[in-house]
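Taking it in order: structure first as C-alpha coordinates, then the write-up.
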Amino acid sequence: DLSDVKGIAFKRNGEIIITEPRPFIKDLDSIPFPMYDDFDLTKYRPATIAKEYQHLITTHITTSRGCPFNCQFCSACRFWGRKWRMRSPKNVIDEVEWLYNEYNVRHLYFFDDIFTLDGKRVIEICQEILRRKLDIKWETTTRIDCVDKEMLDWMKKAGCYQINFGIESGSPKILKTINKGFTVEQIREGFGLVKEAGIQSIAFLMVGNPGENKNTINETIRLMNEVKYTGMRIGGGGITMIFPNTPLYELAKSKGIVTDDFWLTDSPYPFYTGDHSLRELMLLNNRLEYGTRPKKEFIMNLIKQNIARLRSLPFFIHLLLRK
(Lines give C-alpha, C1' and ligand atoms only; values in the text may rest on other atoms or scores of the structure.)
Protein backbone atom coordinates (compact mmCIF):
# COMPACT_ATOMS: atom_id res chain seq x y z
CA ASP A 1 0.00 0.00 0.00
CA LEU A 2 1.60 3.27 -1.15
CA SER A 3 0.08 5.12 1.80
CA ASP A 4 2.42 3.12 4.05
CA VAL A 5 5.51 4.42 2.22
CA LYS A 6 6.96 7.46 3.99
CA GLY A 7 8.08 10.55 2.14
CA ILE A 8 6.06 10.35 -1.09
CA ALA A 9 3.04 11.99 -2.72
CA PHE A 10 0.67 10.27 -5.14
CA LYS A 11 -2.84 10.37 -6.57
CA ARG A 12 -5.53 7.83 -5.78
CA ASN A 13 -8.88 8.21 -7.52
CA GLY A 14 -8.06 11.86 -8.25
CA GLU A 15 -7.15 12.63 -4.63
CA ILE A 16 -3.63 13.82 -3.75
CA ILE A 17 -2.19 11.85 -0.85
CA ILE A 18 0.97 13.02 0.95
CA THR A 19 2.47 10.52 3.38
CA GLU A 20 4.39 11.44 6.53
CA PRO A 21 8.03 12.51 6.03
CA ARG A 22 10.73 9.87 5.90
CA PRO A 23 13.27 10.34 8.70
CA PHE A 24 16.73 11.54 7.69
CA ILE A 25 19.60 9.05 7.73
CA LYS A 26 21.48 9.74 10.96
CA ASP A 27 24.53 7.55 10.33
CA LEU A 28 25.92 8.74 6.99
CA ASP A 29 28.82 6.28 7.31
CA SER A 30 26.26 3.52 6.66
CA ILE A 31 25.71 4.70 3.08
CA PRO A 32 27.80 2.76 0.51
CA PHE A 33 30.25 4.58 -1.75
CA PRO A 34 28.89 5.47 -5.22
CA MET A 35 29.52 3.10 -8.12
CA TYR A 36 31.63 4.52 -10.97
CA ASP A 37 31.91 1.40 -13.14
CA ASP A 38 29.72 2.80 -15.93
CA PHE A 39 31.37 6.25 -15.98
CA ASP A 40 34.52 7.37 -17.74
CA LEU A 41 35.87 9.89 -15.23
CA THR A 42 38.28 11.33 -17.78
CA LYS A 43 35.27 13.02 -19.45
CA TYR A 44 34.15 15.03 -16.42
CA ARG A 45 35.64 18.32 -15.21
CA PRO A 46 34.16 20.78 -12.67
CA ALA A 47 33.70 24.26 -14.14
CA THR A 48 35.81 25.76 -11.35
CA ILE A 49 38.82 23.43 -11.65
CA ALA A 50 42.12 25.29 -12.10
CA LYS A 51 43.79 25.07 -15.51
CA GLU A 52 46.92 23.48 -14.08
CA TYR A 53 44.85 20.55 -12.79
CA GLN A 54 42.61 20.03 -15.83
CA HIS A 55 44.61 16.96 -16.79
CA LEU A 56 43.91 15.18 -13.49
CA ILE A 57 41.11 12.65 -13.14
CA THR A 58 38.52 14.17 -10.83
CA THR A 59 35.20 13.57 -9.12
CA HIS A 60 32.97 15.01 -6.39
CA ILE A 61 32.48 13.85 -2.79
CA THR A 62 29.78 14.92 -0.36
CA THR A 63 30.84 14.45 3.26
CA SER A 64 27.88 16.01 5.09
CA ARG A 65 24.20 16.90 4.77
CA GLY A 66 22.07 19.68 6.16
CA CYS A 67 22.67 23.35 6.88
CA PRO A 68 22.00 25.13 10.20
CA PHE A 69 21.71 28.51 8.49
CA ASN A 70 18.55 29.95 6.98
CA CYS A 71 19.36 32.08 3.91
CA GLN A 72 16.23 33.54 2.36
CA PHE A 73 16.81 32.17 -1.14
CA CYS A 74 18.38 28.78 -0.39
CA SER A 75 16.70 25.39 -0.64
CA ALA A 76 19.53 23.36 0.96
CA CYS A 77 18.22 23.58 4.52
CA ARG A 78 14.72 22.76 3.24
CA PHE A 79 15.92 19.72 1.30
CA TRP A 80 18.39 18.27 3.83
CA GLY A 81 17.05 19.90 6.99
CA ARG A 82 18.73 22.42 9.28
CA LYS A 83 20.41 19.78 11.43
CA TRP A 84 23.93 19.22 10.11
CA ARG A 85 24.93 15.56 9.75
CA MET A 86 28.44 14.45 8.89
CA ARG A 87 30.46 11.46 7.81
CA SER A 88 33.42 10.53 9.99
CA PRO A 89 36.91 11.59 8.80
CA LYS A 90 37.90 7.91 8.45
CA ASN A 91 34.88 7.12 6.28
CA VAL A 92 35.54 10.15 4.08
CA ILE A 93 39.19 9.28 3.48
CA ASP A 94 38.37 5.61 2.99
CA GLU A 95 36.37 6.76 -0.04
CA VAL A 96 39.16 9.09 -1.16
CA GLU A 97 41.73 6.29 -0.91
CA TRP A 98 39.41 3.92 -2.80
CA LEU A 99 39.00 6.45 -5.62
CA TYR A 100 42.75 7.09 -5.57
CA ASN A 101 43.66 3.42 -5.96
CA GLU A 102 40.77 2.07 -8.06
CA TYR A 103 40.09 4.99 -10.43
CA ASN A 104 43.34 6.97 -10.37
CA VAL A 105 41.52 10.04 -9.06
CA ARG A 106 43.98 12.83 -8.25
CA HIS A 107 41.63 15.81 -7.99
CA LEU A 108 38.55 16.10 -5.77
CA TYR A 109 35.76 18.56 -5.12
CA PHE A 110 34.36 18.26 -1.58
CA PHE A 111 30.89 19.35 -2.59
CA ASP A 112 29.30 19.98 0.80
CA ASP A 113 27.15 23.06 1.35
CA ILE A 114 29.43 23.95 4.30
CA PHE A 115 32.52 21.73 4.32
CA THR A 116 34.26 23.64 7.12
CA LEU A 117 31.40 23.93 9.62
CA ASP A 118 33.30 21.70 12.09
CA GLY A 119 36.93 22.86 12.06
CA LYS A 120 38.20 19.95 14.17
CA ARG A 121 36.70 17.45 11.73
CA VAL A 122 38.27 19.21 8.74
CA ILE A 123 41.68 19.09 10.41
CA GLU A 124 41.25 15.35 11.07
CA ILE A 125 40.34 14.80 7.40
CA CYS A 126 43.47 16.68 6.33
CA GLN A 127 45.67 14.77 8.76
CA GLU A 128 44.27 11.48 7.44
CA ILE A 129 45.05 12.51 3.84
CA LEU A 130 48.64 13.20 4.87
CA ARG A 131 48.95 10.06 7.00
CA ARG A 132 47.88 7.87 4.07
CA LYS A 133 50.18 9.80 1.71
CA LEU A 134 47.44 10.56 -0.80
CA ASP A 135 48.93 12.97 -3.33
CA ILE A 136 45.76 14.85 -4.32
CA LYS A 137 44.65 18.37 -5.15
CA TRP A 138 41.22 19.46 -4.05
CA GLU A 139 38.76 22.31 -3.75
CA THR A 140 35.65 22.83 -1.68
CA THR A 141 32.72 25.14 -0.91
CA THR A 142 31.93 26.80 2.39
CA ARG A 143 30.92 30.04 4.14
CA ILE A 144 33.31 32.96 4.53
CA ASP A 145 32.68 33.05 8.31
CA CYS A 146 33.50 29.35 8.76
CA VAL A 147 37.28 29.48 8.24
CA ASP A 148 40.17 30.04 10.64
CA LYS A 149 43.96 30.11 10.39
CA GLU A 150 44.74 26.68 11.91
CA MET A 151 42.20 24.86 9.76
CA LEU A 152 43.26 26.66 6.57
CA ASP A 153 46.93 25.80 7.21
CA TRP A 154 46.04 22.11 7.48
CA MET A 155 43.89 22.31 4.35
CA LYS A 156 46.81 23.78 2.41
CA LYS A 157 49.16 21.02 3.64
CA ALA A 158 46.66 18.34 2.59
CA GLY A 159 46.34 19.60 -1.00
CA CYS A 160 43.53 22.17 -0.88
CA TYR A 161 44.27 24.85 -3.46
CA GLN A 162 40.90 26.59 -3.82
CA ILE A 163 37.84 27.46 -1.71
CA ASN A 164 34.57 28.65 -3.25
CA PHE A 165 32.47 31.04 -1.17
CA GLY A 166 28.82 31.99 -1.59
CA ILE A 167 29.17 35.69 -0.85
CA GLU A 168 26.01 36.74 -2.74
CA SER A 169 26.38 40.49 -2.05
CA GLY A 170 28.73 43.12 -0.67
CA SER A 171 25.89 45.29 0.53
CA PRO A 172 25.18 45.21 4.30
CA LYS A 173 21.53 45.90 3.49
CA ILE A 174 21.18 42.91 1.14
CA LEU A 175 23.17 40.56 3.41
CA LYS A 176 20.75 41.39 6.22
CA THR A 177 17.66 41.11 4.00
CA ILE A 178 18.57 37.63 2.76
CA ASN A 179 19.52 36.52 6.29
CA LYS A 180 23.01 35.55 5.16
CA GLY A 181 24.33 35.62 8.72
CA PHE A 182 27.69 37.28 8.14
CA THR A 183 28.93 40.84 7.72
CA VAL A 184 31.02 42.81 5.26
CA GLU A 185 33.85 42.86 7.81
CA GLN A 186 33.75 39.05 8.07
CA ILE A 187 34.01 38.89 4.27
CA ARG A 188 37.15 41.03 4.38
CA GLU A 189 38.63 38.99 7.22
CA GLY A 190 37.82 35.62 5.64
CA PHE A 191 39.43 36.39 2.29
CA GLY A 192 42.49 37.72 4.13
CA LEU A 193 42.86 34.47 6.07
CA VAL A 194 42.60 32.38 2.90
CA LYS A 195 45.31 34.48 1.24
CA GLU A 196 47.61 34.07 4.26
CA ALA A 197 47.22 30.30 3.98
CA GLY A 198 48.24 30.38 0.32
CA ILE A 199 44.88 29.12 -0.97
CA GLN A 200 42.99 30.57 -3.94
CA SER A 201 39.46 31.85 -3.41
CA ILE A 202 36.40 32.36 -5.58
CA ALA A 203 33.40 34.52 -4.73
CA PHE A 204 29.96 33.66 -6.08
CA LEU A 205 27.53 36.58 -6.31
CA MET A 206 23.81 37.11 -6.90
CA VAL A 207 21.84 39.96 -8.44
CA GLY A 208 18.20 40.74 -7.74
CA ASN A 209 17.49 39.79 -4.14
CA PRO A 210 14.76 41.91 -2.49
CA GLY A 211 15.92 45.50 -2.10
CA GLU A 212 18.57 45.26 -4.82
CA ASN A 213 19.30 48.48 -6.76
CA LYS A 214 22.21 50.34 -8.35
CA ASN A 215 23.47 51.48 -4.94
CA THR A 216 23.64 47.94 -3.52
CA ILE A 217 25.30 46.71 -6.71
CA ASN A 218 27.88 49.50 -6.38
CA GLU A 219 28.52 48.46 -2.76
CA THR A 220 29.19 44.91 -3.96
CA ILE A 221 31.53 46.18 -6.68
CA ARG A 222 33.50 48.28 -4.18
CA LEU A 223 33.89 45.42 -1.71
CA MET A 224 34.92 42.87 -4.34
CA ASN A 225 37.53 45.25 -5.73
CA GLU A 226 38.74 45.95 -2.19
CA VAL A 227 39.42 42.27 -1.46
CA LYS A 228 40.96 41.51 -4.84
CA TYR A 229 44.39 41.99 -3.24
CA THR A 230 43.84 38.51 -1.76
CA GLY A 231 43.81 36.98 -5.24
CA MET A 232 40.06 36.38 -4.99
CA ARG A 233 38.33 35.78 -8.32
CA ILE A 234 34.68 36.22 -9.23
CA GLY A 235 33.01 32.92 -10.03
CA GLY A 236 29.64 32.08 -11.46
CA GLY A 237 26.55 33.92 -10.40
CA GLY A 238 23.63 35.67 -11.94
CA ILE A 239 20.05 36.68 -11.35
CA THR A 240 18.35 35.36 -8.20
CA MET A 241 16.14 32.35 -8.88
CA ILE A 242 13.20 31.14 -6.82
CA PHE A 243 13.20 27.68 -5.25
CA PRO A 244 10.19 26.00 -3.61
CA ASN A 245 9.60 26.12 0.14
CA THR A 246 12.04 28.97 0.74
CA PRO A 247 11.17 32.33 2.37
CA LEU A 248 11.87 33.98 -0.99
CA TYR A 249 9.33 31.65 -2.60
CA GLU A 250 6.66 32.69 -0.13
CA LEU A 251 7.49 36.36 -0.82
CA ALA A 252 7.32 35.74 -4.57
CA LYS A 253 3.92 34.07 -4.18
CA SER A 254 2.61 37.03 -2.19
CA LYS A 255 3.69 39.34 -5.03
CA GLY A 256 2.05 37.17 -7.68
CA ILE A 257 5.34 36.24 -9.35
CA VAL A 258 4.77 32.51 -9.06
CA THR A 259 2.13 30.07 -7.87
CA ASP A 260 2.28 26.49 -6.66
CA ASP A 261 0.90 25.40 -10.03
CA PHE A 262 4.13 26.60 -11.67
CA TRP A 263 5.85 23.38 -10.56
CA LEU A 264 3.39 21.31 -12.58
CA THR A 265 4.84 22.82 -15.77
CA ASP A 266 8.08 22.07 -17.59
CA SER A 267 9.37 25.67 -17.29
CA PRO A 268 12.83 26.36 -15.79
CA TYR A 269 13.12 27.86 -12.31
CA PRO A 270 11.66 31.39 -12.26
CA PHE A 271 13.65 34.53 -11.51
CA TYR A 272 12.72 36.85 -8.65
CA THR A 273 11.18 39.92 -10.32
CA GLY A 274 9.57 41.49 -7.27
CA ASP A 275 11.60 44.71 -7.49
CA HIS A 276 12.74 44.82 -11.11
CA SER A 277 11.77 43.50 -14.53
CA LEU A 278 13.89 40.79 -16.07
CA ARG A 279 15.43 43.32 -18.45
CA GLU A 280 16.38 45.59 -15.53
CA LEU A 281 17.90 42.65 -13.68
CA MET A 282 20.00 41.78 -16.74
CA LEU A 283 21.31 45.35 -16.81
CA LEU A 284 22.15 45.24 -13.09
CA ASN A 285 23.93 41.94 -13.62
CA ASN A 286 25.97 43.44 -16.47
CA ARG A 287 26.81 46.39 -14.20
CA LEU A 288 28.14 44.00 -11.55
CA GLU A 289 30.09 41.94 -14.08
CA TYR A 290 31.64 45.03 -15.66
CA GLY A 291 32.63 46.43 -12.27
CA THR A 292 34.21 43.28 -10.85
CA ARG A 293 35.82 41.41 -13.73
CA PRO A 294 38.82 42.24 -15.95
CA LYS A 295 37.45 44.00 -19.04
CA LYS A 296 38.56 41.26 -21.46
CA GLU A 297 36.90 38.63 -19.29
CA PHE A 298 33.74 40.74 -19.06
CA ILE A 299 33.50 41.05 -22.85
CA MET A 300 34.01 37.31 -23.36
CA ASN A 301 31.40 36.49 -20.73
CA LEU A 302 28.95 38.95 -22.31
CA ILE A 303 29.40 37.25 -25.68
CA LYS A 304 28.82 33.83 -24.11
CA GLN A 305 25.74 35.09 -22.25
CA ASN A 306 24.23 36.56 -25.39
CA ILE A 307 24.81 33.33 -27.29
CA ALA A 308 23.09 31.44 -24.46
CA ARG A 309 20.23 33.95 -24.45
CA LEU A 310 19.71 33.50 -28.18
CA ARG A 311 19.39 29.77 -27.62
CA SER A 312 16.87 30.45 -24.85
CA LEU A 313 15.10 33.24 -26.71
CA PRO A 314 11.61 31.68 -26.62
CA PHE A 315 11.79 31.34 -22.82
CA PHE A 316 13.01 34.92 -22.29
CA ILE A 317 10.34 36.33 -24.63
CA HIS A 318 7.75 34.47 -22.59
CA LEU A 319 9.07 35.99 -19.35
CA LEU A 320 9.32 39.50 -20.76
CA LEU A 321 5.80 39.42 -22.19
CA ARG A 322 4.47 38.09 -18.90
CA LYS A 323 5.84 41.16 -17.11
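Along the sequence shown, the residues carry numbers beginning at 1.
Clustering of Ile, Leu, Val, Met, Phe, Trp and Tyr by side-chain heavy atoms under 4.5 Å joins I114 with F69, W84, M86, L117. Side-chain contacts under 4.5 Å among hydrophobic residues (ILVMFWY), followed directly or transitively, place F111 together with Y109.
In terms of the side chain to side chain donor-acceptor pair (under 3.5 Å) criterion, residue partners of D260 (sequence neighbours excluded) are, by chain and number, Y249, K253.
Between the CG atom in L193 and the CD atom in Q186 there is a gap of 11.0 Å [rounded to 0.5 Å]. Taken to the nearest 0.5 Å, the CD1 atom of I136 stands 9.5 Å off from the CZ atom of R106.
Panel note: side chain K180, backbone G166; a donor-acceptor pair is recorded below 3.5 Å. Although no hydrogens or angles enter the test, the distance criterion places a donor-acceptor pair under 3.5 Å between the side chain of R85 and the main chain of W80. Side chain of K173 to main chain of G211: a donor-acceptor pair is present (N/O by atom type, distance under 3.5 Å, no hydrogens or angles). Formation of a donor-acceptor pair under 3.5 Å by the T19 side chain with backbone atoms of G7 is found in this model. In terms of modelled atom types and a separation under 3.5 Å, the side chain of N179 and the main chain of Q72 share no donor-acceptor contact. Between the side chain of D112 and the main chain of T63, a donor-acceptor pair closer than 3.5 Å is present. Without hydrogens or angle criteria, T220 side chain to T216 main chain gives a donor-acceptor distance under 3.5 Å. Side-chain atoms of N285 never come within 3.5 Å of backbone atoms of L281 as a donor-acceptor pair (strictly under, hydrogens ignored). In this structure, S75 contributes its side chain and R78 its backbone to no donor-acceptor pair below 3.5 Å.
With contacts defined as side-chain heavy-atom distances shorter than 4.5 Å, the pair L99/I57 does not qualify. Considering only heavy atoms from C-beta on, N70 comes within 4.5 Å of R82 through its side chain. Side chains of P210 and T240 form no contact here, defined as non-hydrogen atoms less than 4.5 Å apart. In this structure, the side chains of R65 and I25 come closer than 4.5 Å at one or more pairs of heavy atoms. Between L41 and T58 the shortest side-chain heavy-atom distance does not fall below 4.5 Å. Residues T177 and N209 have side chains not in contact (no heavy-atom distance under 4.5 Å, counting atoms from C-beta outward). K149 is not listed as a side-chain neighbour of L152, based on a closest heavy-atom distance of 4.5 Å or more. In this structure the side chain of Y272 never reaches within 4.5 angstrom of the side chain of M241, judged on heavy atoms.
Annotation for S277 and T273: closest pair C-CG2, 4.5 Å, computed over non-hydrogen atoms. When every heavy atom of S88 is checked against every heavy atom of D29, the shortest pair comes out as OG-OD2, 2.7 Å. Taking every heavy atom of both residues into account, V258 and F262 meet most closely at CG2-CB, 3.5 Å.
Here E95 pairs with R87 in a salt bridge; the nearest charged N to carboxylate O distance falls below 4.0 Å. A salt bridge between D1 and R12 is present, with a side-chain N of the basic residue lying under 4.0 Å from a carboxylate O of the acidic one. Checked for salt-bridge contact, K157 and D153 miss the test: no charged N lies under 4.0 Å from a carboxylate O.
Taking the six-membered ring where tryptophan is involved, the planes of W98 and Y36 are tilted, since the angle between them lies from 30° to 60°.
Under the 3.5 Å distance criterion, with hydrogens and angles disregarded, a donor-acceptor pair is assigned to the side chains of T142 and T116. Side-chain contact, S64 with R121: no donor N or O sits under 3.5 Å from an acceptor N or O.
Around atom CZ of F24, more than 12 heavy atoms belonging to other residues, nucleotides or ligands sit under 6.0 Å away. The number of heavy-atom neighbours closer than 6.0 Å to CG of D37, taken from other residues, nucleotides and ligands shown, is above 12. The number of heavy-atom neighbours closer than 6.0 Å to CD of E250, taken from other residues, nucleotides and ligands shown, is above 12. Annotation: F33, atom CZ; neighbour count of heavy atoms from other residues, nucleotides and ligands within 6.0 Å is above 12. More than 12 heavy atoms of other shown residues, nucleotides or ligands fall within 6.0 angstrom of atom CG in L264.
A chain of hydrophobic side-chain contacts below 4.5 Å, direct or via other Ile, Leu, Val, Met, Phe, Trp or Tyr residues, connects I123 to V147. Hydrophobic cluster membership differs between I187 and I202, with clusters built from Ile, Leu, Val, Met, Phe, Trp and Tyr side chains linked at under 4.5 angstrom. Residue V96 is not grouped with residue L56 when hydrophobic side chains (ILVMFWY) are merged at heavy-atom distances under 4.5 angstrom, including chains of intermediate members. When hydrophobic clusters are built by joining Ile, Leu, Val, Met, Phe, Trp and Tyr residues whose side-chain heavy atoms come closer than 4.5 Å, directly or via intermediates, Y290 is not grouped with L283.
Of the residues K90, R131, R132, the one that meets the salt bridge (charged side-chain N to carboxylate O under 4.0 Å, His left out) test with E97 is R132.
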Side chain to side chain contact (heavy atoms under 4.5 Å, CB included) between E139 and N164, intermediate numbers included: CA-CA 8 Å; E139 58 179 310; N164 306 306; 3.1 Å; yes
Please tabulate, for side-chain N and O atoms in residues 226-236, each donor-acceptor pair with protein atoms closer than 3.5 Å (sequence neighbours left out).
from, atom 1, to, atom 2, distance (Å)
E226, OE1, R188, NE, 3.4
E226, OE2, R188, NE, 2.6
K228, NZ, N225, OD1, 3.3
K228, NZ, T292, O, 2.3
T230, OG1, V227, O, 2.6
T230, OG1, M232, N, 3.3
R233, NH2, Q162, OE1, 2.9

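Residue pairs meeting the ring-ring contact (aromatic ring centres under 6.0 Å, His included) criterion with at least one partner in residues 167-204, sequence neighbours excluded, are F165-F191. Applying the ring-ring contact (aromatic ring centres under 6.0 Å, His included) test to residues at least two apart or on different chains, the pairs with a partner in residues 117-138 are F110-W138, F115-W138.
H107 has its ring centre less than 6.0 Å from the ring centre of Y161.
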